[in-house]
Protein chains: 2
Amino acid sequence: MPRTTTAAKTYASARIAIDPVIFTIHDHRLKVFLRQREREPFKGHFELPGGLLLPGETAEETMQRKLRSVFNATISCMQIYTFTTPDRDPRGRTVSISTLALISSTTILDFSGWHDIRKLPDLAFDHLDIISYARNYLREHIQQELLQNILPKRFPLNLLQTTFEIIEQKRYDNRNFRKRMIISETVAETKEHERQVSHRPAVLYRFV
Amino acid sequence: MPRTTTAAKTYASARIAIDPVIFTIHDHRLKVFLRQREREPFKGHFELPGGLLLPGETAEETMQRKLRSVFNATISCMQIYTFTTPDRDPRGRTVSISTLALISSTTILDFSGWHDIRKLPDLAFDHLDIISYARNYLREHIQQELLQNILPKRFPLNLLQTTFEIIEQKRYDNRNFRKRMIISETVAETKEHERQVSHRPAVLYRFV
DNA sequence: GCAAAAGTGTTCATATTACACCCATGT
DNA sequence: ACATGGGTGTAATATGAACACTTTTGC
């Protein structure tokens with residue numbers, strides 16, 4: 001039965017932010033990209049390189065706009081959680097759609113914005129929560145689509161192994177790991193090898 | 001270097017909705033709870049039993065408020081995706097945080113709002129997309145926490161098996177299924193049995 | 001020739017699959 | 001006594017885990 005009274009309920013109106021958590025592996029460490037805030041609130045603290053949706057933009061479009069401005073490349077990323085605590089931004093209600101992206105350290109020229117996940121600086125807003133959520137998500141949902149982004153197109157099998165080990169924080173047996181990756185057809189050999197390394201050059205593999 | 005010009009960018013302001021996709025299993029069918037819209041837009045079409053966040057509410061709180069108004073119970077649910085297409089609601093920009101919840105058909109008295117997932121009526125907004133997303137998510141992320149909600153506290157093992165079969169759309173061997181559930185300690189026997197069934201009464205199990 | 005990382009096989013234990021009949025209850 | 005779903009064991013196969021040495025390159 002339709003209500004006849006029009007209860008003038010006031011719904012929350014909010015700005016919509018995307019906050020990408022971008023990981024790479026460098027120096028055998030998992031690192032996250034942050035920028036330092038230049039104005040209040042949280043001036044001087046670090047934050048995720050996100051931003052607000054413009055009218056007419058989807059979250060995915062905002063994400064690509066933001067990431068292109070930092071990396072000059074299209075990076076595939078996935079939504080992981082939407083943070084809605086009413087006072088998470090003191091300037092006014094803002095919900096944050098957080099996403100997870102991985103990029104290969106071989107495409108990075110300047111490592112100054114990259115912070116070891118285990119030694120994070122002071123973070124603005126609830127960005128520490130967002131990073132923690134993303135880090136757990138990554139550990140628990142490691143999958144080929146994500147891994148393809150954190151490795152170069154062609155890579156030695158042992159780099160794939162150390163990537164797993166750093167993300168999952170556990171060790172694998174080298175022989176068993178190689179067998180498993182090859183027979184499961186996750187990767188296939190190419191005809192290329194590493195060059196100019198001061199040890200036996202590794203065969204390079206690719207994802208199938 | 002901080003910018004000195006204050007570019008008056010206009011960011012999108014939006015209302016925030018939660019849209020729970022609530023599944024149950026009834027008559028050996030996966031069913032979703034919908035209500036019929038009583039006003040425009042999409043008057044007469046069916047929609048998810050969601051609603052808008054009030055000021056001061058988190059998405060989780062709105063969800064519980066909405067679900068309690070329908071089911072008189074706290075139902076655990078999880079965020080799955082946030083839909084942000086700018087024109088998804090003709091009344092004004094609204095982003096929808098969709099969530100997935102399961103409830104046991106034993107707690108349902110009236111099945112009139114429940115629709116077979118394979119024979120859905122006309123849906124309002126992008127709710128068909130949301131339901132499809134949730135259905136795929138369920139199939140791919142079937143896990144104990146979710147299953148506990150779709151089954152009663154004590155249940156016959158064969159009900160657990162048919163639940164898996166309906167969600168995953170595949171068959172299991174009865175003997176192997178039972179062995180696996182028991183040795184993996186997913187479930188444990190209780191001392192209770194089914195009653196008043198016209199066949200051998202099943203032992204009831206519980207999740208560990 | 002030595003340092004450094006790449007690469008390789010076998011054995012054993014565990015988990016998964018395939019498969020067909022008897023059991024307990026209500027009517 | 002019959003209809004209905006509940007309940008059980010074994011053998012074959014596939015998968016995962018443990019384990020140590022040789023190879024190729026640069027210096």
Side-chain angles (χ1 to χ4, degrees), chain A residues 25-29 104-106 140 142-144 147 151-208, chain B residues 25-29 104-106 142-144 147 151-166 168-208:
Chain A
I25 290 176
H26 183 232
D27 281 345
H28 268 67
R29 296 277 185 272
S104 166
S105 62
T106 56
E140 287 159 20
I142 191 167
Q143 48 176 274
Q144 188 165 330
L147 285 173
L151 289 165
K153 287 220 168 50
R154 315 251 151 147
F155 51 86
L157 261 189
N158 288 353
L159 179 59
L160 181 60
Q161 184 181 337
T162 58
T163 300
F164 268 99
E165 291 179 339
I166 291 165
I167 291 173
E168 297 185 336
Q169 288 288 296
K170 66 186 231 195
R171 304 298 303 274
Y172 288 97
D173 176 272
N174 183 245
R175 276 172 290 195
N176 293 336
F177 182 85
R178 291 169 158 269
K179 261 182 293 182
R180 191 155 51 84
M181 289 298 141
I182 293 165
I183 67 168
S184 69
E185 299 189 344
T186 304
V187 296
E189 219 174 300
T190 70
K191 282 166 188 159
E192 295 173 61
H193 296 73
E194 276 185 310
R195 285 159 192 268
Q196 292 165 326
V197 287
S198 72
H199 54 78
R200 177 171 172 177
V203 171
L204 299 181
Y205 286 74
R206 60 179 172 80
F207 286 103
V208 294
Chain B
I25 290 176
H26 183 232
D27 281 346
H28 269 67
R29 296 276 185 272
S104 166
S105 62
T106 56
I142 191 168
Q143 47 175 275
Q144 188 165 331
L147 285 172
L151 289 164
K153 286 219 168 46
R154 313 253 154 146
F155 50 87
L157 261 190
N158 288 353
L159 179 59
L160 181 59
Q161 183 180 339
T162 58
T163 301
F164 268 99
E165 291 178 340
I166 291 165
E168 297 185 335
Q169 289 289 296
K170 65 187 235 192
R171 304 298 305 276
Y172 287 97
D173 176 273
N174 184 245
R175 276 172 290 195
N176 295 336
F177 182 86
R178 292 169 157 269
K179 259 182 296 179
R180 192 153 51 84
M181 289 299 141
I182 293 164
I183 66 167
S184 69
E185 299 188 344
T186 304
V187 296
E189 218 173 301
T190 71
K191 280 164 187 160
E192 295 173 60
H193 294 74
E194 275 184 310
R195 283 158 194 270
Q196 292 164 328
V197 286
S198 71
H199 53 76
R200 177 172 173 180
V203 172
L204 299 181
Y205 286 75
R206 60 179 172 80
F207 284 102
V208 295

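Quick note on labels: first sequence line is chain A, next is B, and so on, each numbered from 1.
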Query raised in the report: Do the side chain of A:Thr190 and the main chain of A:Leu204 share a donor and acceptor less than 3.5 angstrom apart?
Result: yes
Query raised in the report: To the nearest angstrom, how far is B:Arg195 atom CZ from C:dA24 atom P?
Result: 18 Å
Query - Residue B:Arg175, side-chain atoms from C-beta onward, closest of D:dT4, D:dG7, D:dT8 - result: D:dT8
Report task. Please tell me which of the listed nucleotides, C:dT16, D:dG6, C:dT8, lies nearest to the side chain of B:Arg178? Result -> D:dG6
**Report entry** Euclidean distance, atom NE2 of residue B:His193 to atom C1' of C:dT25 [Å, nearest integer]
**Finding:** 12 Å
Requested in this report: Kindly state each residue pair satisfying ring-ring contact (aromatic ring centres under 6.0 Å, His included) with at least one member in residues 179-208 of chain A, sequence neighbours excluded.
Outcome: A:Phe155-A:Phe207
Query raised in the report: What's the OH-C1' distance between B:Tyr205 and D:dG6, to the nearest Å?
Result: 10 Å
Report summary line: Of the listed D:dT8, C:dA24, D:dC19, the closest approach to the A:Asp173 side chain comes from D:dC19
Query raised in the report: Once you round it to whole Å, what is the distance between C1' of D:dG5 and CG of B:Leu159?
Result: 13 Å
Report summary line: Per nearest nucleotide of DNA chain C, the residue lying toward the 5' end, B:Ser198 or B:Asn174, is B:Asn174
Query raised in the report: Can you tell me how far P of D:dG5 sits from NE2 of B:His28, to the nearest Å?
Result: 9 Å
Query raised in the report: Hey, does the side-chain of A:Lys179 have a donor or acceptor N/O within less than 3.5 Å of a partner on the base of C:dT10?
Result: yes
Query raised in the report: Looking at D:dA3, does its base get a donor-acceptor pair with the side chain of B:Arg200 below 3.5 Å?
Result: no
Query raised in the report: Do any N or O atoms from the side chain of B:Gln161 and from the backbone of B:Tyr172 form a donor-acceptor pair under 3.5 angstrom?
Result: yes
**Report entry** Nearest-angstrom distance from the residue atom CD of A:Glu192 to C1' of C:dA6
**Finding:** 17 Å
Report task. Round to the nearest Å and state the distance from A:Arg171 atom CZ to D:dA18 atom P. Result -> 13 Å
Query raised in the report: Between D:dG7 atom P and B:Leu157 atom CG, what is the distance in whole Å?
Result: 7 Å
Report summary line: When A:Pro201 and A:Arg180 are each assigned the nearest nucleotide of DNA chain D, the 5'-most assignment goes to A:Arg180
Query raised in the report: Just to confirm, is there a sub-4.0 Å distance from OP1 or OP2 of D:dG5 to any side-chain nitrogen or oxygen of B:Asn158?
Result: no
Query raised in the report: Around atom CD of B:Gln143, are there more than 12 heavy atoms of other residues, nucleotides or ligands at under 6.0 Å?
Result: yes
Query - Shortest side-chain distance from B:Asn176, nucleotide among D:dG26, C:dC19, C:dT8 - result: C:dC19
Requested in this report: Tell me, yes or no, whether the heavy-atom count around B:Arg180 atom CZ, taken from other residues, nucleotides or ligands under 6.0 Å, exceeds 12.
Outcome: yes
